[in-house]
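Quick notes on the structure that follows.
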Amino acid sequence: MILNKYMQTRYPFKELEDKIYQLWEKGGYFKPDFGKKGPSRKTDLKKGGRFCIIMPPPNANAPLHIGHAVFVTLEDIMIRYHRMKGKTTLWLPGADHAGFETQVVFEKQLEKKGQSRFQFSREVLYKMIWDFTQKNKKVMEGQLKKLGASCDWSREKFTLDPDIIKIVYQTFEKLFDDGLIYRGKRVINWCVKHQTSLSDLEVKYEERIDPLFYIKYGPIELATVRPETKFGDTAIAVNPKDKRYKKYLGKEIEIKTLLGPAKIKVIADETIDMEFGTGAVKITPAHDAADFEVWQRHKSEIPGPKIVIDKFGRLNKRAGQYKGLKVKEARQKIAEDMAKKGLLNPSKTDHNYKHNVAVCYKCGTTIEPLISDQLFIKIKPLAEKAMTAVKKGEVKFTSKHFEKIFFHWLKNIKDWNISRQIVWGIKIPLWYCQEKKNKKCRDKNGLIVSDKKIKQCPYCRGEKLIEETDTFDTWFSSGQWPFATLLSQSRSSLKLKVQSSKFRKNIFNYTTSDFETFYPTSVMETGWDILFFWVVRMIILGIYMTGRVPFKHIYLHGLVRDKDRQKMSKSKGNVIDPLGVVELYGADALRMALVFGTSAQKDIIMSEDKIAAQQRFVTKIWNASRFILGNLDKNFNPSKIRQQNLRLTKNDKWILKELKNTTKKAAKDIEEFHFHRAAEETYHFFWHKFCDKTLEDVKKRLYSKTSTLKDRQTSQWVIYKVLVDSLKLLHPFMPFITEAVYQKLPHKPKKALIIEDWPK
RNA sequence: GGGCGCAUAGCUCAGCGGUUAGAGCAUUCGCCUUACACGCGAAAGGUCCUCUGUUCGAAUCAGAGUGCGCCCACCA
């Protein structure tokens with residue numbers, strides 16, 4: 001008996017959630033054209049408008065973490081709300097191959113097995129990672145469903161889908177034809193462990209204490225932390241205003257080195273800080289980005305870069321007897337030897353010199369700045385357009401804060417290195433002609449864009465061709481995600497045309513209904529940590545390829561932290577596994593906890609307590625619903641009751657008014673991206689106004705034997721009406737419990753709550 | 001070095017010019033009242049960081065200070 005009662009009073013989320021998701025999915029409710037007949041979609045559009053979110057594709061290299069649950073929750077709230085508002089609504093899901101990130105994860109797994117990526121051929125490695133991501137992708141899809149994501153699975157895309165790659169190639173070719181791609185020697189961030197270049201964004205800085213040595217270059221003494229790079233020095237630079245060195249300016253001075261006597265030129269450059277060290281700097285253009293720029297300014301005066309460190313972080317033959325030593329060993333050895341020979345002043349060495357050292361953001365290995373051939377995008381002209389679009393309000397940040405950061409970053413943007421020396425990714429469709437037999441070919445610097453194997457240079461007919469093996473920076477392809485995903489939805493005409501046109505760049509002349517209908521999308525919702533990596537690039541590439549911004553609003557959510565404000569990480573052991581939580585408390589509780597008490601753009605503080613608290617709210621909804629549905633007369637039918645025949649009490653009128661206010665406020669708050677306010681408002685309305693006040697008040701009338709039929713009818717009508725509308729208001733936040741209750745209503749106007757109309 | 005944000009109840013945060021400053025969690029007290037004890041009813045808890053100004057009126061706007069945090073750039 002007690003057991004029986006217990007089971008009744010708890011909402012059996014475990015049993016119901018999957019079934020409810022199936023009900024939605026099988027009903028086709030996630031599809032934008034659900035309930036709309038035939039091809040007349042355009043007229044339908046006019047009525048309700050449209051709403052579209054392209055899901056930030058999770059990396060297919062690990063199960064979902066709590067951060068993913070945040071985006072699912074926020075985006076699903078918007079999607080469900082606008083769907084109920086009658087809009088043609090699309091939430092397009094996807095998964096990201098996540099080039100470097102995935103390769104790093106996979107490499108770690110190999111390492112655990114005592115293997116290395118370098119023992120596999122490109123093809124084998126690619127296949128292995130492919131299988132790995134496909135497996136992960138499946139897992140992720142299941143997890144997104146568990147969280148209640150009402151996205152249209154029939155439109156799901158993967159960043160390595162052939163049609164996506166096709167579009168990425170066309171973008172690349174257009175950039176190339178417009179002269180915005182160049183291949184050149186630049187000092188790039190090289191990760192010695194991962195054997196690839198990294199963009200500036202993929203580099204973090206660590207404060208370290210290293211000795212600052214004072215070395216003697218003939219009569220000039222200068223400070224450096226990196227004496228091991230001295231074999232690559234091509235000049236000494238001083239500030240033009242520095243009187244101490246005036247007599248040496250423009251002259252070659254005789255110096256002694258560990259490898260014998262040499263000559264080196266002294267030049268003047270304004271960037272040199274007279275205050276630091278001795279005011280004189282050795283210039284090593286092959287291994288320092290700033291020095292490289294000095295060389296660029298003084299090309300005519302001094303020799304070009306001399307490489308002394310190889311890709312494995314070891315000194316090469318330029319370093320004489322030090323060849324083969326690793327940077328760290330070499331530094332110590334060289335400093336010692338120089339001191340012995342009087343080339344270094346040991347008494348001046350600063351052993352407490354604090355400075356920042358660049359490290360790989362994934363493995364923490366010290367970045368070796370290396371000069372190397374890489375592909376770059378000339379980003380300035382593109383960045384300008386992105387800034388203009390934001391200034392004009394074509395794209396709106398929901399937070400001014402991020403808008404400022406956006407402008408600051410774009411103003412100072414540097415060319416984007418898009419080539420990565422890794423296997424996992426989209427191969428750069430580039431060939432290099434070694435012969436360059438005619439002008440046309442020379443003009444292109446021997447670069448040929450082709451995604452197919454070619455045997456001949458199309459310009460000079462030369463047959464000595466080298467194929468590029470690098471892959472694109474993942475963000476280059478994901479930066480095209482909004483238009484690429486929508487364009488690639490075309491089932492018939494476009495696909496054919498794209499395939500037959502090979503590299504015709506005007507695929508955008510062919511419109512597909514999805515691209516036409518949903519581009520620009522309504523909102524880009526993602527974490528602020530990828531503002532530069534992703535959001536900015538989408539704006540840039542979106543405008544470049546389509547002439548229009550990719551989305552109208554940008555909503556950036558914060559990081560999920562634990563209750564001590566710590567970042568969640570596996571090593572700290574403070575991670576909350578969203579799927580584990582769903583198992584324990586149900587998806588609704590997790591979703592509600594993620595919006596409740598958190599405000600836009602700020603970090604989200606999450607603890608299990610908070611989720612448990614929301615589960616209690618789920619229980620409350622369940623029990624209130626049980627009470628209401630259990631107290632309706634058998635023949636109760638709300639559609640047959642006329643409001644003018646009711647005898648509404650003061651309290652009845654009060655709750656109906658509150659309902660109206662809450663409906664209005666919740667709608668406004670969701671539309672203005674204040675999700676927490678909408679959630680809290682509705683929560684408070686339902687629990688503390690409706691349940692605590694109205695239901696208690698109504699009991700008197702329901703239980704009393706002296707109540708008239710009219711009074712009974714009135715109370716039933718009121719509580720039923722408020723319940724049904726509350727379910728609608730709560731549905732975007734807590735889709736499962738609300739749908740579960742809706743399915744039990746005696747008179748459902750629609751087959752499911754998800755396709756109900758938002759209350760008026 | 002450049003830029004930005006935050007400071008409100010024990011904790012996490014709302015509120016951002018107008019009654020007595022709110023919520024969730026935690027705390028205390030009373031209740032197994034026929035929807036729910038994952039509940040109900042009540043209570044306690046706040047110089048809204050400090051100072052100065054603007055205003056009829058400031059937690060809310062401005063300036064200065066203090067503390068905390070973040071982002072960008074990295075100079076040998």
Distance alone, cut at 3.5 Å: any donor-acceptor contact between the side chains of H557(A) and E525(A)? yes
With a 4.0 Å cut-off on heavy atoms, is A624(A) in touch with a base, just the backbone sugar-phosphate, or nothing at all? base
Using a 4.0 Å heavy-atom cut-off, does T619(A) contact any base of the nucleic acid, only the sugar-phosphate backbone, or nothing at all? base
Below 4.0 Å: OP1/OP2 of rG24(B) and any side-chain N or O of H684(A): no
Let's test your reading of the model: under 3.5 Å, does the base of rC36(B) pair with the side chain of K620(A) as donor and acceptor? yes
Selection from rC40(B), rC4(B), rC13(B) that lies nearest to any side-chain heavy atom of K404(A): rC4(B)
Report yes if a side-chain nitrogen or oxygen of W687(A) is closer than 4.0 Å to either non-bridging phosphate oxygen (OP1 or OP2) of rA23(B); otherwise report no. no
Give me the distance, rounded to whole Å, that separates rU12(B) from rU54(B) when you measure between the C1' atoms they each carry. 33 Å
Among rG15(B), rA37(B), rC40(B), which is the nearest nucleotide to the side chain of R677(A)? rG15(B)
Can you confirm whether the side chains of D200(A) and N189(A) place a donor and an acceptor under 3.5 Å from each other? yes
Look at the side chain of W528(A) and decide which nucleotide, out of rC36(B), rC71(B), rA23(B), has an atom nearest to it. rC71(B)
State, to 0.1 Å, how close A386(A) and L410(A) come at their nearest heavy-atom pair, and which atoms those are. CB-CD1, 4.0 Å
Given rC36(B), is OP1 or OP2 found less than 4.0 Å from the side-chain N or O atoms of R616(A)? no
Pairing partner of rG5(B) (Watson-Crick or G-U wobble, both distances under 3.5 Å): rC68(B)
Taking only N/O atoms, report every protein-nucleotides 72-75 of chain B pair under 3.5 Å with atom names and distance.
from	atom 1	to	atom 2	distance (Å)
rC74(B)	OP1	K414(A)	NZ	3.1
rC74(B)	OP2	Y205(A)	OH	3.4
rC74(B)	N3	N356(A)	ND2	2.9

